[in-house]
Amino acid sequence: MSEKTQKLTLIQGITQALRQEMERDAHVLILGEDVGRDGGVFRATDGLIEAFGDERVMDTPLAESGIIGISVGLAAVGYRPVAEIQFMGFIYPAMNQILAHVARFRHRSRGRIPMPLVIRMPYGGGIHAPEHHSESYEAMLANTPGLTVVIPSTPYDAKGLLTAAIRSDDPVIFMEPKRIYRSFREDVPATDYEVPLRQAVVRRTGTDVTLIGYGAMMRPVMEAAEFLARESVSAEVIDVRTVMPLDIETILASAEKTGRVVIVHEAPGRNGFGAELSALIAERALLHLLAPVQRVTGFDTVFPFAMMEDHYLPHRGRIVAAVQRTLAF
Amino acid sequence: MSEKTQKLTLIQGITQALRQEMERDAHVLILGEDVGRDGGVFRATDGLIEAFGDERVMDTPLAESGIIGISVGLAAVGYRPVAEIQFMGFIYPAMNQILAHVARFRHRSRGRIPMPLVIRMPYGGGIHAPEHHSESYEAMLANTPGLTVVIPSTPYDAKGLLTAAIRSDDPVIFMEPKRIYRSFREDVPATDYEVPLRQAVVRRTGTDVTLIGYGAMMRPVMEAAEFLARESVSAEVIDVRTVMPLDIETILASAEKTGRVVIVHEAPGRNGFGAELSALIAERALLHLLAPVQRVTGFDTVFPFAMMEDHYLPHRGRIVAAVQRTLAF
Amino acid sequence: MGYSTIFQGETRRLDILDMNGKVDRKAMPDIDQDQLMALYRSMRRMRTFDEKALKMQRQGRIGTYGSLRGQEAAQAGLAVHLSEDDDWLIQSFREHGILMARGVPMHTIYAYWKGDERGNLADRGIRCLPPSVPVGSQLLHATGIGIGLRKRGLPGIAVGFAGDGATSEGDFHEALNFAGVFRARTLFYIQNNGWAISVPFQKQTAAKTIAQRGHAYAVPAMQVDGNDVLAVYEASRIATDHIRNNHGPYLIEAETFRMGDHTTADDHTRYRSPDLVAHWAARDPIDRMRKFLIKEKILSHADDEAMGESLTAEIEAAVKDLESMPPPDPMSIFETMYAKKPWYLEEQQAMLRSELGSRAQESGS
Amino acid sequence: MGYSTIFQGETRRLDILDMNGKVDRKAMPDIDQDQLMALYRSMRRMRTFDEKALKMQRQGRIGTYGSLRGQEAAQAGLAVHLSEDDDWLIQSFREHGILMARGVPMHTIYAYWKGDERGNLADRGIRCLPPSVPVGSQLLHATGIGIGLRKRGLPGIAVGFAGDGATSEGDFHEALNFAGVFRARTLFYIQNNGWAISVPFQKQTAAKTIAQRGHAYAVPAMQVDGNDVLAVYEASRIATDHIRNNHGPYLIEAETFRMGDHTTADDHTRYRSPDLVAHWAARDPIDRMRKFLIKEKILSHADDEAMGESLTAEIEAAVKDLESMPPPDPMSIFETMYAKKPWYLEEQQAMLRSELGSRAQESGS
Ligand SMILES: Cc1ncc(C[n+]2csc(CCOP(=O)(O)OP(=O)(O)O)c2C)c(N)n1
Ligand SMILES: Cc1ncc(C[n+]2csc(CCOP(=O)(O)OP(=O)(O)O)c2C)c(N)n1
Ligand SMILES: [Mg+2]
Ligand SMILES: [Mg+2]
């Protein structure tokens, strides 16, 4: 990139996108629990209330249905609310508002009342958090027509995807991999930019097997690819980025090329988003498949307490083992 | 059957299961909106308040989170609540209670507080109901470890599965295909019996293709099978019955035999339960597949208003066309 | 130390026009004869609309329908205070009276109940949200709109509608609480018609009134006889003035009665006694206003009859409009899900198009 | 006709022991010296437990921890009225004080905060639900249990705990409303510590108190100085008697202050001034009870010191118990999801078993 860049963490990318979009468009509002004075429990909204005041950065009462429900109203009168749900495990009280209203408003109003609403939330495990703080529920949202579900895995994408989400006239569920909020930095342009929604990206090209992941799982996925490279297995790696509506072209092109696919996510396997991916690949690239698609996912259990979460979360070894199964098929 | 039988509709099977289980076990309670005097808006609980009184058949305030939340408490002190959600479209306000508590209580209490709770609800389209009255959201529940999701398609199964659900020590989501509540009768034993959970059933044996469906979709599925028979295509038909935990054996056995599979459900396709079925079949029976698995599902749109719902719902023609695609592959 | 009182509150109710058409002169609002007649006509118009809808439902010309019979005063008395240009209606599903009074074309309301999505959004401007079926959930939208109107410094107010049953949902609580905290320009307008389908208000809550709940959120509140169009007029005037003057949200409980079935899919005789229905029939909002207007010589029997005829003609015209709508386009199912259609919706649409094409061919067209 | 009053209500607060250790003799409960000492000791035991937990968290011996410092009176004064045999505790996540006072072994509470699921269910009987993290949701369980206890004619009561923030959730509303309708044997016990993480109570609602919300559900309610263990004792006695005597549910708001961070993951200096914290430090529940006991010559300085030593010894023993627990069995992840394990859990368990097996082999065991 020729323009000015800074080294940012993923969460800094998010904060910067919020700040720049608020500067750019006075209709952008932030609301949620502890997003003001406290700057959010992860500090994603740090400094924003100081910059924009409490009419644009609203600390709300502790009620998720309320947060999303009033966001619907705010969007109806022309605002572009960015609501924070403190952890994905606490999105359930807002499910009625999200599924019965947010996702459907454009359609129910025959296109006249779109919902330019972003619902941000940290998701996923790996930080030794208490119960209900490690959930990944992209699948149930991905079964809901009308929603766009986005999960970045890098600082650059986090900023660009969030910018695109805020500018989108459709509601976006923006899931933030809190495990890697601060785990690395990368060059991020200082000015605003969009990373387009609905586009997956090939993170690494390869010929023997396709690894598909997103969010915090990109790290063990890339580690697995590197490990495999040392064993002379060439893995192509796809970062889904937009879970819904998903980018079928990028995924099928790779699956057709390698004929072997391993899908990785940390949510429970049964009826997880991996099911849709696996189904689509087998349905549309059957004759290219050299081995059954493999899914490496969280167990179909409650997400365990801190002492046990490392057993639960997919890791390099488990991904490599799945690749080896597809190679041995 | 040698024992005494009656000709019952599906909803009569449900009412009878409720009545017999209430007679059998004083811990069984019914609660929900309009389940008392009114007998439920579909009359599933007709006559029960007269028989058992309002301490065992509780008309509740209009609040779904409340209904499920107090059911959790009632179960904790030894009751076996059977809660009714008036339509599946109104389950969302209860999602927090279902996903964060009902599904997890056994685990969270290390097995000491099971949740012998049944949540009944009519689901699905085809009765020209108002908006939000036609939803089918089995998929998001099927992504939730700890739940059992059951969908009967016949009066016999409705009674036997509900009986088994009430006797189960685990929470069961019991989805009732309201479209066929009264559309046909069949012989149902007068006394109580269980149809085991977690078992699919082969409704028709065949050799050329496997059709998989459940609930109200069994009717167009069977019609398709009959139509195909006239065209000399022998279709095997599986009724899933328990969506989660699903009966992989019955499904794989059939898929391996026929090599061609068409899955039918009325919920939206993307990340619907068909995705899990399709994925599992391709993952575990790849070498038997003679053609890609096909999914025939509701569109990935809001469920349309009455005047348009016939376009939305899978019908015989759409299923037959999918079968023809697998045959032509 | 010891015991101290930390809260004291009271809640008032307003009654003006009694069941016999007598008014409390002291409480009478400042309102002229034309306005009185307009209120009466508005109620009769709703009733005529409603009766026609029930008839059409029986004839299969529309689908399941929710009657508002008995609630006309509760809707007409409020409607006159709302501006078509500025104010927002956030309806539940029994507010056709309000919509009609606010100028929404009647055939679009019928279309909604016919199962035609073109009836989902009133086409008289975007300041009316589509009906909200998930009970209570719309109240939060009313709060959000009311907050937005305040933020933007706009003159309008938001009116969120709900029934007595809806007040049991958590969203009622969150909507009033957020409105109190963020000083929403929102009127919460609860028509307490005594029943949530088969559940009487006494089983909905142990509290005696809904209005008293305002104290839980520091939201001022009033109960009003919802079958008394003059009291509704006056209470609504007070509440809307309060909100327009930036004094924050307001809660009105209009006590009324649903005279018929919950919807045409219901049978209210299963859970209500004829006596109870007769009790309320004697308190009909239109009858008592008619008695008053005739007693006051504002209305003659002949005028009354002429009004009936003109309303019938208006409604028949609306039915004609309804029935001359071209059939909805099946392709519209796919058009408004997203700003830009995803690939799978393109596929699904193509499939439906080809199905419809081959069906059209089969039928020889 | 005209205006009439349909609701009048008031809400009271109880204060007995002030910040200087002076009591209001008239309001003083009927309580002997041993009981006074037991209350004091109970509070000190909680504080000692809490201080040790914070220390262990800093040392990495347990995980994220939520301190209850400042809320000891609010928990100790209630606990003495609850029977271990009959009553149910439906906790949120800051009730370790109550748990300890009710006989839950302290090492299991530490285990919970260590991220060990064996700490999730207090092993002193099933009448204590595991901590509920989704804020407010547990209040409905308290209502359900209270309804069940009434139905079964059991002597126990259910106590549902929540904080001030939790009262904004819809579930708070539904829980109190259902409790009122079904006459639940439930005490709703709200510790209003002034903050929901960084959000002060004044932004949580426009209402001045939580106790006044009882009027919305016809649930009797009282506010109490939650840093005054004698007032808490007396209010809890009144409330629990009320419920035990089958008069329906009760709501207590104990006004208190969280002295430290929300949890160890929080930094309260970001949103609270040192002045505010100092204001509350001067109102410490333990200090004022100590002043009172010393003034009354119930407690000597020497006894007080001895008590501290014995409590420290007790807590150190609990830490030893914690740290001598064998590591949790990874296989337990799969064991309690269902009464009977589904096939895919069998498969996943087998996979984990073989992973652990090969790792054990690699490490040469
Ligand atoms: C969340 C939700 N639960 C249940 C229903 C089904 N339902 C529709 S209307 C109704 C009763 C509503 O009562 P009330 O709020 O008093 O309004 P009214 O019908 O009396 O106008 C019920 C239970 C629904 N639409 N939404
Ligand atoms: C439904 C839900 N939303 C958000 C959270 C995150 N969270 C945990 S505690 C807390 C604040 C709770 O405040 P309060 O109820 O006053 O209890 P306190 O922590 O003061 O004891 C929040 C927002 C949660 N656990 N559950
Ligand atoms: Mg009602
Ligand atoms: Mg608090």
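Both backbone and side-chain heavy atoms feed into the values below; hydrogens, waters and symmetry mates do not. Per chain, numbering begins at 1; letters A, B, ... match sequence-line order.
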How close do D/Met1 and C/Asp18 get, counting heavy atoms only, and between which atoms? CE-N, 3.5 Å
Least distance between heavy atoms, D/Lys203 atom then C/Val181 atom: O-CG1, 3.5 Å
For chain D, which of C/Ala27, C/Ala175, C/Ala218 has the most heavy-atom pairs under 4.5 Å? C/Ala218
Region of D/Leu17 that comes under 4.5 Å of a non-hydrogen atom in chain C: backbone
Side-chain contact, heavy-atom cut-off 4.5 Å: C/His215 with D/His215? no
Among C/Glu169, C/Gln204, C/His173, C/Arg213, which residue satisfies the side chain to side chain donor-acceptor pair (under 3.5 Å) criterion with D/Asn177? C/Arg213
Need one label for C/Met222: side chain, backbone, both or neither, based on atoms under 4.5 Å from any heavy atom in chain D. side chain
Bottom line for C/Ile16: the part with an atom under 4.5 Å from chain D's heavy atoms is backbone
May I ask you to check whether over 12 heavy atoms, not counting those of D/Lys208, lie within 6.0 Å of atom NZ? no
If I take atom CD from residue C/Glu253 and atom CD1 from residue D/Ile6, how far apart are they, to the nearest 0.5 angstrom? 6.0 Å
Tell me, yes or no, whether the heavy-atom count around C/Asp32 atom CG, taken from other residues, nucleotides or ligands under 6.0 Å, exceeds 12. yes
Most heavy-atom pairs under 4.5 Å with chain D, out of C/Lys22, C/Gln202, C/Glu174, belong to C/Glu174
Which atoms form the tightest heavy-atom contact between D/Tyr217 and C/Thr205, and what is the distance? CA-OG1, 4.5 Å
Toward chain D, the part of C/Phe172 with a non-hydrogen atom under 4.5 Å: side chain
Is it the case that the side chain of D/Gln212 and the backbone of C/Phe7 share a donor-acceptor pair, with hydrogens and angles ignored and the cut-off at 3.5 Å? no
Who among C/Ala211, C/Gly170, C/Ser4, C/Ala207 has the most heavy-atom pairs with chain D under 4.5 Å? C/Ser4
In terms of heavy-atom pairs under 4.5 Å with chain D, the winner among C/Gly214, C/Ala216, C/Gly2, C/Gly180 is C/Gly2
Which region of D/Thr209, side chain (C-beta onward) or backbone (N, CA, C, O), has a non-hydrogen atom less than 4.5 Å from a non-hydrogen atom of chain C, or is it both or neither? side chain
